[in-house]
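Have a look at the structure below before the remarks.
Below, read A as the first sequence line, B as the second, and so on, with proteins coming before strands; counting in each chain starts at 1. Just so you know, these numbers use all the heavy atoms, side chains as well, and skip hydrogens, waters and symmetry mates. Not measured: the values here are computed from a predicted model.
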Amino acid sequence: MKNKKKSEGKIKSKDKCGCAVSCESEEIIKGFSHQGKQYVIPLLQKVQEQDGYISEETMDLVSEKLGVPVSQVYAITTFYSYFRLQPIGKHLVRPCRGTACHVKGSKRIIEKIKEHLDLKGDIDTTADNQFTVAPVACLGTCGLAPVMMIGNNVYGNLNEENAGKIIDRLKS
Amino acid sequence: MIKKGTKIYIGMATCGLAAGGQEVYDSFVSKLGKKESNVQLIPTGCIGVCSREVIVDVEVPGMNRVTYEKVKPEMVEKIISEHLEKDQPVNEWVFGQSGDKKVYPGIEMYQDLPMFKNQVRIVLRNCGSIDPDKIEDYINAGGYKAIKKALKMGQSAVIAEITKAGLRGRGGAGFPTGKKWDIALQQKSGQKYFICNADEGDPGAFMNRSTLEGDPHAVIEGLIIGGYAIGASKGYIYCRAEYPLAVKRLHLALEQAREKGFLGKKILGSDFDFDITVKEGAGAFVCGEETALIASIEGERGMPRPRPPYPAQSGLWGKPTNINNVETLANIPYIINEGGEKFASFGTEKSKGTKVFAITGKIKNTGLVEVPMGITINDMIYKVAGGMATKKKFKAIQVGGPSGGCVTAALGDTKIDYESLVSVGAIMGSGGAVVLDEGNCMVDTARFFLEFTKSESCGKCAPCRLGISQMLSILNRICEGKGKPEDKVALVQIAETVKGASLCGLGQTSPNPVITTLRYFEKEYDEHINEKKCKAGICAELLRFEVDETICKKCGICVKQCPAQAIQGGAKTLAKIDKSKCTKCRKCIEACPFCAIY
């Protein structure tokens, strides 16, 4: 929940003061007390928790702070699927693509969710910036399959009908 | 009157929360109001019956602990007024009672319930019965005794005990843990590391998540003992970032362990210094492979490297490093406390102890079970997991995730131990077991796993990077009805190459789903390729919405299910679908118990 609230404010704060990355993230990076390659992943995780994605400017700042070439920061960011290179909508919807969900029809549920939000092809974020749909390999909540995660909340026993309704409840 | 000291345990691990655990907890708080002072509300981990969450246990002092299933906020009031105030459990919502003897008539004892009768809980001993956020609960349950004992025993004696227990790596490969520790102990180095692998990436597996969420201290204690045994001073827990609750509980548990002096300098007055850091993964399945995991902690791209040198010789930052899985470590305190012999009394000759399985799919009791090694597949499905949840027949069980294989129902008598599973083409893996019924297509299942391994292949070695892509494109073709007769041969050839030539476990085992489905379900491949049929009704491009008249039993179920009234037939007549009315909603395919519609 905490996570969600934070990301709600992020785009605004960035616009307001015109920082290259959000002010909060810049503070996180500047206030980071370690140096060296082993801290690239933890620091990027902190920034993404704040901003929802990793921007080019973030990579520059992280590189400078930790003393690691930006090419290597980029290499790490692109290797791990956890890091996103594009901004996300207000709500990050993560339908599970695990085995238990698959055998209970998750593929069609994801199609329904995308259809419901009018997301076509590779587009994953709605035009009004409310929702980003990014399937995840497995949420480990297989007992309630099919499941999805929105923010830090997990919703279980999904079907083609209720998935859309859950999303509608979050619409503002 | 509510008796003082009444305890209410609420299942609030990820599954419990997803089912509404927080709302139930809040409801208890508000409904109890002033009466709350007599009651202790305890959030707890998962007892393993995820399908029945939210689970609430009520324990009136001096009475048995009673477990309620599928609790909703609106049920709370009655539980309070009947059970808490009058000591009369609401039998219709109750799942079982636990205690020394039957106290409440009409409620089954836990140990008599088929699903628990066949389990042996060593790793999950505390899950669902203690508050994972309180170190005192763990200590009261006998926790942190093993580390005291281990420090007195000495390093070699600890390792000897683990060797005597016959414990093998629960991450999947089954390497003897005692031997692994001994090799690490023999290394002469001023700095050694001990890593706990909690990067549970297998889709369809959540044993480690539940253990970490339900009993984090058991894993931490195992890790401290391991660190002591090999002479390490620094430990890491590499945990998936997709498990935020597990990470949170680990951080809290570590802090508490430090306060109590189980971590830090001169632990419990000995000369042993040890501390643990949690490292969050970043969503790369390959990081479950030990050399890739090490690279990831060092801050590199998580790519594996050839072995030798093994991590025991040159691991994290070139220092001797030992890596064990969460479940392996959770077994350690038990072995030290109870002795290796006791542990070895469970299981088979070569596979000792128990194994936790995340059993999911088309069965009644989806969730977490801990069974003694050597139990048969059929017993696990029908006795422990309550049998099939659908009207369709049990077709196959997928064991071991993307590295494992699909074992056909005909081999249901196969024992679950390391060697027996390998002999039927699967692997123990970390413990994911997904049960499939006749409504699941095996070609599609193989395709599903390859989609996963393709996206998770790190790309370093060609056999894995290219081979998986090639196999996947063939499977896609077959599922789309464009399969060619020579495709089966090509699949086998590529599978053998990828298996033999890949650098790490991810690549070497990735063809297993293809090999096993081809071995046990070749007919299904033939139907897809030659007849362009998917009898399970899964492959979208092959769906015809026709009734196979040789299979139709004229039961009429599909007729009732069809929202468009497009099916005619029923009692005594074969079902027939009117294609002009059919909306292709698939309800009939899902409903047919005999898979006659495809």
Side-chain angles (χ1 to χ4, degrees), chain A residues 1-3 36-46 48-49 66 68 72-84 94 96-108 111 134-145 147-149 151-158 160, chain B residues 14-15 17-19 46 48-51 53 200-206 208-210 240-245 279-285 287 296-303 358 360-362 366-368 398 401-402 432 434-437 440 444-445 448-449 451-452 455-456 458 586 590:
Chain A
M1 284 312 276
K2 215 175 152 192
N3 212 347
K37 209 172 183 182
Q38 66 185 105
Y39 296 104
V40 175
I41 295 171
L43 186 50
L44 287 173
Q45 277 171 334
K46 277 188 186 176
Q48 182 162 295
E49 221 172 271
L66 300 180
V68 175
Q72 290 187 22
V73 175
Y74 180 76
I76 291 164
T77 316
T78 51
F79 181 83
Y80 293 97
S81 63
Y82 185 81
F83 298 120
R84 294 181 49 88
R94 315 202 73 187
C96 180
R97 280 294 287 139
T99 320
C101 293
H102 177 77
V103 302
K104 290 192 173 176
S106 68
K107 207 172 185 174
R108 278 193 304 280
E111 279 164 17
V136 57
C138 183
L139 290 169
T141 321
C142 318
L144 298 167
V147 298
M148 66 176 166
M149 198 168 180
N152 269 346
N153 294 332
V154 176
Y155 300 86
N157 295 323
L158 299 182
E160 290 175 37
Chain B
T14 301
C15 294
L17 289 173
C46 168
V49 251
C50 310
S51 52
E53 290 283 1
E200 183 174 56
D202 277 21
F206 54 99
N208 296 350
R209 173 181 66 71
S210 287
R240 286 185 86 195
E242 285 86 345
Y243 291 170
L245 187 61
K279 281 272 177 186
E280 280 181 58
F285 175 67
C287 288
S296 180
I297 293 182
E298 290 172 350
E300 306 280 346
R301 288 160 75 96
M303 291 196 187
T360 57
K362 307 284 182 74
T366 55
L368 214 59
Q398 209 286 340
V434 183
V435 179
L436 311 176
D437 67 11
N440 289 114
D444 173 70
T445 304
F448 165 77
F449 283 112
E451 272 172 5
F452 177 79
S455 70
E456 293 298 335
C458 78
R586 297 179 35 94
E590 277 155 30

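Residue Q398(B): no heavy atom, backbone or side chain, is found under 4.5 Å from chain A. No part of N208(B) comes within reach of chain A, as not one of its non-hydrogen atoms sits under 4.5 angstrom from that chain. Only the side chain of Y243(B) comes within less than 4.5 Å of a heavy atom in chain A; its backbone stays farther off. No part of V147(A) comes within reach of chain B, as not one of its non-hydrogen atoms sits under 4.5 angstrom from that chain. Heavy-atom distances place both the backbone and the side chain of S296(B) under 4.5 Å from chain A. Contact of E298(B) with chain A is made through the backbone alone, with heavy-atom distances under 4.5 Å. R209(B) touches chain A through its side chain: at least one heavy atom from C-beta onward sits under 4.5 Å away, while N, CA, C and O do not. Contacts between A205(B) and chain A at a heavy-atom distance below 4.5 Å involve the backbone alone (N, CA, C, O). Within the 4.5 angstrom heavy-atom criterion, only side-chain atoms of R108(A), from C-beta onward, approach chain B.
Among all heavy-atom pairs drawn from C50(B) and G143(A), the shortest one is CB-CA, 3.7 Å. Between A241(B) and Q45(A), the closest heavy-atom pair is CB-NE2, 4.2 Å. Across P244(B) and M149(A), no two heavy atoms sit closer than the pair CG-CE, 3.9 Å. Nearest heavy atoms, K279(B) versus P42(A): NZ-CG, 4.1 Å. Closest approach of L144(A) to A18(B), counting heavy atoms only: CD1-CB, 3.6 Å. A282(B) and I41(A) make their closest contact through CB-CG2, 4.2 Å (heavy atoms, listed as atom of the first residue, atom of the second, distance).
At most 12 heavy atoms of other shown residues, nucleotides or ligands fall within 6.0 angstrom of atom NZ in K46(A).
Note: G302(B) leads C458(B), A19(B), G302(B), G432(B) in heavy-atom pairs under 4.5 Å with chain A. Options I297(B), L368(B), D444(B), T445(B) differ in how many heavy-atom pairs under 4.5 Å they form with chain A, and the most are formed by D444(B).
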For this session: With salt bridge (charged side-chain N to carboxylate O under 4.0 Å, His left out) as the test, would you mind laying out the steps for E242(B) and R94(A) before giving the verdict?
Result: CA-CA 11 Å; E242(B) 285 86 345; R94(A) 315 202 73 187; 5.2 Å; no

Problem set entry | From CA spacing to verdict: side-chain contact (heavy atoms from CB on, under 4.5 Å), C287(B), Y80(A) | CA-CA 10 Å; C287(B) 288; Y80(A) 293 97; 3.9 Å; yes

Problem set entry | Evaluation steps, side-chain contact (heavy atoms from CB on, under 4.5 Å), between M303(B) and F79(A) | CA-CA 9 Å; M303(B) 291 196 187; F79(A) 181 83; 4.0 Å; yes

For this session: List the steps, then state whether side-chain contact (heavy atoms from CB on, under 4.5 Å) holds for T360(B) with K104(A).
Result: CA-CA 10 Å; T360(B) 57; K104(A) 290 192 173 176; over 6 Å; no

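Annotation: the span from T141(A) atom OG1 to F206(B) atom CZ amounts to 8.0 Å, rounded to 0.5 Å.
When atom types are taken as modelled, the side chain of Q72(A) and the backbone of E300(B) share no donor-acceptor pair closer than 3.5 angstrom.
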